[in-house]
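Labels below follow one simple rule: chain letters A, B, ... track the order of the sequence lines, proteins then strands, and each chain is numbered from 1.
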Protein chains: 2
Amino acid sequence: MKRSVSAAERRREILQAAGRVFARKGFERSTTAEIAREAGVAEGTIFRHFETKQALLIDLVASVLTEPLTAVWKRSENRPVEEILRDVLRNRLALFRENAPLLKIFFAEALFREDLRDRFIDEVVLRAATAAEAFFREEQARGSLRPVNPQIAVRCLMGMLGIFVVWSEFLGGDKYLRFDDEAVLDTIISIYLDGVRGRG
Amino acid sequence: MKRSVSAAERRREILQAAGRVFARKGFERSTTAEIAREAGVAEGTIFRHFETKQALLIDLVASVLTEPLTAVWKRSENRPVEEILRDVLRNRLALFRENAPLLKIFFAEALFREDLRDRFIDEVVLRAATAAEAFFREEQARGSLRPVNPQIAVRCLMGMLGIFVVWSEFLGGDKYLRFDDEAVLDTIISIYLDGVRGRG
DNA sequence: ATAAAATATGAGTGAGCACTCACTCAGGAG
DNA sequence: CTCCTGAGTGAGTGCTCACTCATATTTTAT
């Protein structure tokens with residue numbers, strides 16, 4: 001029996017251990033026995049800090065959603081759209097990579113669980129999309145972007161970035177083919193900007 | 001006890017029932033009891049036709065992968081690239097939608113199972129990517145596309161299409177916001193083509 | 001018609017797993 | 001020091017679920 005750390009600390013340790021195990025095996029295949037082993041505590045200890053195994057998942061999901069978006073979609077006089085786009089994409093990519101294990105669990109469970117699916121759509125997809133849409137519309141009003149449907153156009157951009165995250169972080173595709181982040185960002189930006197500005 | 005159908009027919013019935021249940025709940029949360037109920041047979045009958053529950057999954061996965069790709073990346077004198085692109089995207093979108101429940105299961109399991117992950121990458125991602133890459137390179141050689149990295153560029157296109165499939169088929173996003181397929185294809189094509197051709 | 005083979009059934013089985021609880025003990029208060 | 005609180009422990013519990021098998025029914029062969 002060790003009491004070297006505070007209850008809050010222990011709680012965090014268990015949560016992190018659960019995150020690692022879930023990331024490896026997925027929620028259903030993870031056992032509380034393995035989480036306990038990973039955290040270096042007895043199985044019973046988990047249930048002193050969390051009501052159920054589910055509670056671990058819910059807590060983990062909540063922790064992803066508190067991440068702040070530092071780079072924002074914001075027009076400013078002396079910054080070209082290209083730079084704004086690059087900042088935002090770089091920021092989002094970094095955020096995705098840092099939280100990849102948790103996002104993966106979140107996404108995987110959202111595929112089959114109503115409650116998590118709603119939260120995923122609200123707090124990940126829509127959160128990312130609406131700000132971008134507003135920016136897109138403003139630029140269209142300014143005449144600098146073509147009059148394509150902004151909701152569709154914004155999702156195209158999300159898809160471009162998303163597929164690389166899914167490839168390297170969710171599917172471990174780096175083993176087969178590794179992409180350089182900056183090269184990816186360069187390509188996305190050049191294709192997308194030319195695409196939404198139109199020819200000439 | 002009914003014997004109205006042949007063994008092969010019964011097998012297919014069970015497989016389809018399993019597909020429906022897996023699509024609703026995910027593989028782990030689906031029980032053989034529920035699959036049996038869905039198929040209208042006794043639980044034991046499942047195990048006369050399939051060794052294990054896993055075997056159902058493997059068989060389902062295999063059945064997605066036999067789908068032929070009817071529209072192909074193929075240059076022809078009198079067809080503009082835009083039309084080829086539209087045909088291929090339309091074909092892939094239709095294919096994804098038809099097989100969406102199975103693809104969802106396949107993808108969800110691939111996130112955490114080594115063996116399925118490898119198959120998913122090989123037989124879904126790479127199968128789609130390599131033909132497109134070859135086409136892209138040819139067009140670049142012809143001078144009709146900019147010299148961006150073809151592997152990245154092709155994945156951008158896949159991401160654009162993919163996000164709409166994930167949105168509507170995997171996450172049930174239509175409940176929140178429904179996109180018209182043709183509008184989506186139009187937008188993707190116009191953004192992408194202008195993007196990879198470059199300005200002017 | 002009868003035997004043999006194939007197929008269907010569902011109660012039963014055992015393994016695995018989330019969760020409990022009676023007990024242990026570390027650390028703090030007085 | 002003594003007592004008390006609450007975190008830690010892990011064997012135990014009850015339930016779920018994939019899979020089995022003895023038995024029943026249908027089909028096929030002779």
Side-chain angles (χ1 to χ4, degrees), chain A residues 1-62 105-106 108-109 112-113 115-116, chain B residues 1-62 105-106 108-109 112-113 115-116:
Chain A
M1 180 187 300
K2 46 173 183 175
R3 291 284 295 283
S4 47
V5 295
S6 71
E9 181 69 27
R10 179 54 39 85
R11 210 188 125 91
R12 210 171 323 127
E13 281 176 12
I14 292 171
L15 209 48
Q16 285 178 349
R20 288 195 296 277
V21 177
F22 289 166
R24 282 203 298 273
K25 308 226 172 162
F27 178 73
E28 289 292 334
R29 261 182 279 266
S30 301
T31 66
T32 48
E34 182 167 1
I35 295 168
R37 213 178 314 124
E38 178 93 20
V41 300
E43 206 172 345
T45 305
I46 292 177
F47 294 95
R48 182 164 298 281
H49 293 274
F50 298 89
E51 285 269 312
T52 62
K53 182 184 163 191
Q54 287 258 3
L56 286 165
L57 179 64
I58 301 299
D59 250 56
L60 280 171
V61 164
I105 300 161
F106 191 3
E109 289 303 307
F112 296 106
R113 294 186 39 167
D115 54 337
L116 291 185
Chain B
M1 182 185 301
K2 48 173 183 176
R3 292 281 297 282
S4 47
V5 296
S6 71
E9 182 69 27
R10 180 55 40 88
R11 210 187 125 90
R12 213 171 320 126
E13 282 174 9
I14 292 171
L15 210 48
Q16 285 177 350
R20 289 194 296 276
V21 177
F22 289 166
R24 282 203 297 274
K25 308 225 174 162
F27 178 73
E28 289 292 334
R29 262 182 279 266
S30 301
T31 64
T32 48
E34 183 167 359
I35 294 168
R37 213 178 314 127
E38 177 93 20
V41 300
E43 207 172 342
T45 306
I46 292 177
F47 294 94
R48 176 166 304 279
H49 294 275
F50 298 90
E51 286 270 310
T52 61
K53 182 184 162 191
Q54 287 261 2
L56 286 165
L57 179 64
I58 301 298
D59 250 54
L60 280 170
V61 164
I105 301 159
F106 191 3
E109 289 304 306
F112 296 106
R113 294 187 39 169
D115 54 337
L116 291 185

*Between C/dT20, D/dA7, D/dG8, which one does the side chain of A/His49 approach most closely?*
D/dG8

*Could you check B/Arg48 against A/Glu43 and say which one's nearest nucleotide on DNA chain D is further toward the 5' end?*
A/Glu43

_For B/Glu109, is there an ion pair with A/Arg29 - N to carboxylate O distance below 4.0 angstrom?_
yes

*Audit row: B/Leu56, B/Ile14, side chain to side chain contact (heavy atoms under 4.5 Å, CB included) steps and yes/no*: CA-CA 9 Å; B/Leu56 286 165; B/Ile14 292 171; 4.0 Å; yes

*A/Gln54 CD to C/dC17 P: how many Å, rounded?*
17 Å

_Whole-Å gap separating P (C/dA6) and CZ (B/Phe47)_ = 22 Å

*Under 4.0 Å between a side-chain N or O of A/Thr45 and OP1 or OP2 of D/dA7?*
no

*Counting side-chain heavy atoms from C-beta on, which of D/dA18, D/dT9, C/dA18 comes nearest to A/Thr32?*
C/dA18

*asked:* At 4.0 Å (heavy atoms only), tell me whether A/Ser6 reaches a base, stays on the sugar-phosphate, or touches nothing.
replied: nothing

*Side-chain ion pair, B/Arg37 and B/Glu34, N-O less than 4.0 Å*: no

*Whole Å only: how far is the CD atom of A/Glu51 from the C1' atom of C/dT20?*
13 Å

_Between A/Phe106 and A/Leu60, does the side chain to side chain contact (heavy atoms under 4.5 Å, CB included) criterion hold? Intermediate values first, please._
CA-CA 8 Å; A/Phe106 191 3; A/Leu60 280 171; over 6 Å; no

*Looking at C/dT9, D/dA18, D/dG8, which one has an atom nearest to any side-chain atom of A/Arg10?*
D/dG8

*asked:* For B/Ile58 and B/Glu51: C-alpha separation, side-chain torsions, deciding distance, then whether side chain to side chain contact (heavy atoms under 4.5 Å, CB included) applies.
replied: CA-CA 11 Å; B/Ile58 301 298; B/Glu51 286 270 310; over 6 Å; no

*Starting at atom CD of B/Glu9, determine the distance to atom P of C/dA6, rounded to an integer number of angstrom.*
20 Å

*From the options D/dA7, D/dC17, C/dC19, select the nucleotide whose nearest atom is closest to the side chain of B/Thr31.*
D/dC17

*Return the nearest nucleotide to the side chain of B/Ala42; candidates are C/dA8, D/dC19, C/dG10.*
C/dG10

_Between P of C/dT7 and CZ of B/Phe50, the distance in whole Å_ = 14 Å

*asked:* Heavy atoms from C-beta onward define the side chain here; which of D/dG10, D/dA18, C/dC19 lies closest to that of B/Lys53?
replied: D/dA18

*Starting at atom CD of B/Glu28, determine the distance to atom C1' of D/dA18, rounded to an integer number of angstrom.*
11 Å

*Whole angstrom value for the distance that separates C1' of D/dA18 from CZ of B/Phe27*: 10 Å

*Whole Å only: how far is the CD1 atom of A/Ile46 from the C1' atom of C/dC19?*
10 Å

